[in-house]
Amino acid sequence: YPYAGGEGGGGIFLNVAGTLRVDGRISAGGGAAIIPNLGGGSGGSIWLTAGTLAGGGVILANGGLGNGLGGGGGGGRIALQYSTNVFLGVLSAYGGSGYTPGGAGTIYSKANNQLPGQLLVDNGGQAGTNTSWTESGGMDLTVKGGAVIALPNSQAFSNLLVASNGWITPTRQLLTVTGNATVQAGGGIIADGTGYVSGLGPGAGKYTVSSTSGTVGGGGGYGGYGAAGGGAVPASGGSTYQRVTNPTDPGSGGGSGSQSSLAGGAGGGAVRMNVTGMLLVNG
């Protein structure tokens, strides 16, 4: 069944010197899966440049629906450039629903005389998979509506708003904000369990194996020593490492045996932020 899963959305590029008025629909949505338990297609791309962007219609690049146990498609990407924006309609690049919803797409908008541009990552309230990109251009970033951002490299933003039900999950990247950064109640920058996996890291917990206690692991260490495990042959906890003034390493994993290398707990990740203005944390 070569076309049983959802097809991806197409690509739309419009360059309008005058007014682009959208009262209908400009859509590059992903297709829904037809056969049970197959995945939805991703949203496609929409790139609109106009002198004036107007109207009250719909511009969307949503992911397609997964069928049954199939996953939803990820949202696509929308980019809008204009001299004047009076568009009052719907803009969306949500992930598609499914057994697990797809991740939010991206919506970038920029006036020709404006610096920086605005990047919105919004998944319409559903908790899906992650959203990512590689370029770093000093944009204003807003994360909301269940979107989860997982960036592969360090990023610089002009202003950052992590709204309620918006999430950033760094591992070791530096987030630089030249303006203000706000984390609203109900949103967060979360690096829980994104550090070294079980048995790895400078302060990894040790493990022992005995006939009476089986495999026993000690806790990972970082700022504090990891605690020793109990049993007939106790396992040592991990040692401390790095400096107190500029900690940048992830946390170390807990001890586990060679036959269960991921069974112990992973260490916490590393959150690095450099905010020139105000950092307001209510989440």
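Here the closest non-hydrogen pair linking Gly218 and Ala235 is N-CB, 3.6 Å. Of all heavy-atom pairs between Gly195 and Pro250, the closest is CA-CB, 3.6 Å. Closest approach of Gly193 to Ala266, counting heavy atoms only: O-CB, 3.7 Å. For the pair Gly224 and Thr240, the tightest heavy-atom approach, listed with the atom from each and the gap, is C-CG2, 3.6 Å. Across every non-hydrogen atom of Gly76 and Ala93, the tightest pair is O-CB, 3.8 Å. The two residues Thr129 and Thr100 have their closest heavy-atom pair at CG2-CG2, 4.3 Å.
Listed for the Asn67 side chain is no donor-acceptor partner under 3.5 Å among the backbone atoms of Gly70. Distance alone, capped at 3.5 Å, places no donor-acceptor pair between the Thr52 side chain and the Thr19 backbone. Listed for the Asn37 side chain is no donor-acceptor partner under 3.5 Å among the backbone atoms of Gly68. A distance-only check finds a donor-acceptor pair linking the side chain of Gln173 to the backbone of Thr171 [under 3.5 Å]. Under the 3.5 Å distance criterion, the side-chain polar atoms of Gln126 are matched with a main-chain donor or acceptor of Gly95. Checked by atom type and distance alone, the side chain of Thr106 never pairs as donor or acceptor with a backbone atom of Val121 at under 3.5 Å. With Ser213 contributing its side chain and Ala232 its backbone, the two residues share a donor-acceptor pair below 3.5 Å. Panel note: side chain Thr208, backbone Val233; a donor-acceptor pair is recorded below 3.5 Å. In this structure, Thr131 contributes its side chain and Ala104 its backbone to a donor-acceptor pair below 3.5 Å. With hydrogens and angles ignored, the 3.5 Å screen pairs a side-chain donor or acceptor of Asn123 with a backbone N or O of Gly102.
Considering only heavy atoms from C-beta on, Tyr225 comes within 4.5 Å of Ser239 through its side chain. The side-chain heavy atoms of Gln242 and Asp249, taken from C-beta on, include a pair separated by under 4.5 Å. Residues Leu160 and Ile168 meet the side-chain proximity criterion, which asks for heavy atoms closer than 4.5 Å. Counting heavy atoms from C-beta outward, Leu53 and Val86 have side chains that stay 4.5 Å or more apart. Between Pro247 and Tyr222 the shortest side-chain heavy-atom distance falls below 4.5 Å. Within the 4.5 Å cutoff, the side chain of Phe13 has no heavy atoms near those of the Ser45 side chain. For the pair Ile189/Pro170, a side-chain contact is recorded, criterion being any heavy-atom separation below 4.5 Å from C-beta on. Side chains of Trp133 and Leu151 form a contact here, defined as non-hydrogen atoms less than 4.5 Å apart.
If you chain together hydrophobic residues whose side chains sit under 4.5 Å apart, Ile12 and Val58 never meet in one group. One hydrophobic cluster holds both Val177 and Val143 under the rule that ILVMFWY side chains link at heavy-atom gaps under 4.5 Å. The cluster map of Ile, Leu, Val, Met, Phe, Trp and Tyr, joined by side-chain heavy atoms under 4.5 Å apart, puts Val148 and Tyr99 in different clusters. Hydrophobic clustering of Ile, Leu, Val, Met, Phe, Trp and Tyr side chains at less than 4.5 Å, counting indirect connections, keeps Leu65 apart from Tyr94. A continuous path of ILVMFWY side-chain contacts below 4.5 Å connects Leu20 to Tyr82, so both sit in one hydrophobic cluster.
Applying the 6.0 Å contact sphere to CH2 of Trp47 captures no more than 12 heavy atoms from other residues, nucleotides or ligands. By the neighbour-count criterion of 12 heavy atoms within 6.0 Å, atom OH of Tyr241 is densely surrounded, having more than that number from other residues, nucleotides or ligands. Applying the 6.0 Å contact sphere to NZ of Lys144 captures no more than 12 heavy atoms from other residues, nucleotides or ligands.
Side-chain contact check for Asn153 and Gln155: at least one donor-acceptor pair (N or O, by modelled atom type) lies under 3.5 Å. A donor atom on one side chain and an acceptor atom on the other are found under 3.5 Å apart for Ser256 and Ser198. Asn15 and Thr49 form a side-chain donor-acceptor contact under 3.5 Å, judged by distance and modelled atom types alone. Side-chain contact check for Asn180 and Asn159: no donor-acceptor pair (N or O, by modelled atom type) lies under 3.5 Å.
Here the straight-line distance linking atom CG of Leu174 with atom CE of Met273 works out to 9.5 Å at 0.5 Å rounding. Atom CZ of residue Arg272 and atom OG1 of residue Thr248 lie 5.5 Å apart, to the nearest 0.5 angstrom. In this structure, Leu141 CG and Leu161 CG are separated by 8.5 Å, a value rounded to the nearest 0.5 Å. Here CZ of Phe157 is found 10.0 Å from CG of Asp140. Values are rounded to the nearest 0.5 Å. Taking CG from Asn85 and CG from Leu80, the interatomic distance works out to 7.0 Å, rounded to the nearest 0.5 Å. Summarising the geometry, atom CD1 belonging to Ile78 is positioned 10.5 Å from atom OG belonging to Ser109; distances are rounded to the nearest 0.5 Å.
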**Message:** Test side chain to side chain contact (heavy atoms under 4.5 Å, CB included) on Thr142 and Val162; report intermediate values, then the result.
**Reply:** CA-CA 6 Å; Thr142 298; Val162 182; over 6 Å; no
**Ile59 and Val22: CA distance, side-chain angles, deciding distance, side chain to side chain contact (heavy atoms under 4.5 Å, CB included) verdict** = CA-CA 8 Å; Ile59 301 172; Val22 183; 4.2 Å; yes
**Request:** Take Thr169 and Thr194 through the side chain to side chain contact (heavy atoms under 4.5 Å, CB included) test and state the conclusion after the steps.
**Result:** CA-CA 8 Å; Thr169 59; Thr194 63; 5.6 Å; no
**Request:** Please report the C-alpha distance between Val183 and Asn282 in whole Å, then the side-chain angles of each, then the deciding distance to 0.1 Å, and finally whether the side chain to side chain contact (heavy atoms under 4.5 Å, CB included) criterion is met.
**Result:** CA-CA 6 Å; Val183 182; Asn282 287 320; over 6 Å; no
